[in-house]
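Excluded from the calculations below are hydrogen atoms, water molecules and symmetry mates; all remaining heavy atoms, backbone and side chain alike, are included. What you see is a predicted model; the values in this text were computed from it and never measured.
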Amino acid sequence: MQKNIFGKKGEIIATNYLKNKGYTIICNNYKTPIGEIDIIAKDKNTIVFVEVKTRTSRAFGDPLEAVNAHKQMKIRQVATMYLKQFGKLNTSCRFDVIGVLGDTDEEIRHIQNAF
């Protein structure tokens, strides 16, 4: 399976996972000139910016390990752009990471307040 198709499948799995946990999905793949956020959701009164990492195996490390300091900085910048664009700078928010291993929902790891 092509890498981008596999990644999109992981994002769909993560979106469904969040919906099943009671989150409201605001949007998927919010894009700006400097980067993208995979999922923006709402958990009660908190806006949640979610990075999804999908891997076929742990051969190159855990999917969650791929969200390094540089990636976190980019996500923060894009999140700030979103909050400014929609006038939500005073809204509670957090950054979560979801790791999907394989192409099913058998192994999903969700870290709230990951950074």
Checklist entry - Which heavy atom in L89 sits nearest to a heavy atom in T80, and how many Å separate them? => result CD2-O, 4.5 Å
Next on the checklist: Can you give me the closest heavy-atom contact between P63 and K53, atom names plus distance?
Outcome noted: O-CB, 3.3 Å
Checklist outcome for this item: Only one of T54, N16, N29 passes side chain to side chain donor-acceptor pair (under 3.5 Å) with E11, and that residue is N29
Next on the checklist: Within this structure, what is the CG-CD distance for the pair D43 and Q112, rounded to the nearest 0.5 Å?
Outcome noted: 6.5 Å
Checklist entry - Aromatic rings F95 and F115: how do their planes relate, parallel, tilted or perpendicular, breaks at 30° and 60°? => result parallel
Item to check | Side chain to side chain, I34 and M81, heavy atoms closer than 4.5 Å | outcome: yes
Next on the checklist: Minimum heavy-atom separation for V52 and A14, please, with both atom names.
Outcome noted: CG2-CB, 3.7 Å
Next on the checklist: Could you go through R109 and D62, starting from their C-alpha distance and side-chain angles, then the distance that decides it, and tell me whether this counts as side chain to side chain contact (heavy atoms under 4.5 Å, CB included)?
Outcome noted: CA-CA 10 Å; R109 291 184 39 217; D62 189 284; 2.4 Å; yes
Item to check | Expected output: side-chain N28 to main-chain I39 donor-acceptor under 3.5 Å | outcome: no
Checklist entry - Distance from M73 atom CE to R76 atom CZ, nearest 0.5 Å? => result 9.5 Å
Next on the checklist: Quick check on K21: does its NZ atom have over 12 non-hydrogen neighbours (other residues, nucleotides or ligands) under 6.0 Å away?
Outcome noted: yes
Checklist entry - Do the side chains of Y23 and I98 join up, straight or via other hydrophobic residues, at under 4.5 Å, putting them in one cluster? => result yes
Checklist entry - Is the closest side-chain heavy-atom distance between D38 and V50 below 4.5 Å? => result no
Checklist entry - Going only through I, L, V, M, F, W and Y residues with side-chain contacts under 4.5 Å, is there a path from I25 to Y30? => result no
Checklist entry - Any idea which heavy atoms bring L83 and C93 closest together, and the distance? => result CD1-SG, 4.1 Å
Checklist entry - In terms of hydrophobic clusters joined by side-chain contacts under 4.5 Å, are L101 and I111 together? => result no
Checklist entry - Is there a path of hydrophobic side-chain contacts, each under 4.5 Å between heavy atoms of I, L, V, M, F, W or Y residues, that connects V100 with L18? => result yes
Item to check | salt bridge (Lys or Arg N to Asp or Glu O under 4.0 Å) against K71, all qualifying residues, sequence neighbours excluded | outcome: E51
Checklist entry - Atom NZ of K31 and atom CD1 of I37: how far apart are they, to the nearest 0.5 Å? => result 12.0 Å
Item to check | Co-membership, hydrophobic cluster, residues F49 and L64, 4.5 Å side-chain | outcome: yes
Next on the checklist: When you compare the side chain of I40 with that of F86, does any pair of heavy atoms fall below 4.5 Å?
Outcome noted: no
Item to check | Crowding at CG, N68 (>12 non-hydrogen neighbours, <6.0 Å) | outcome: yes
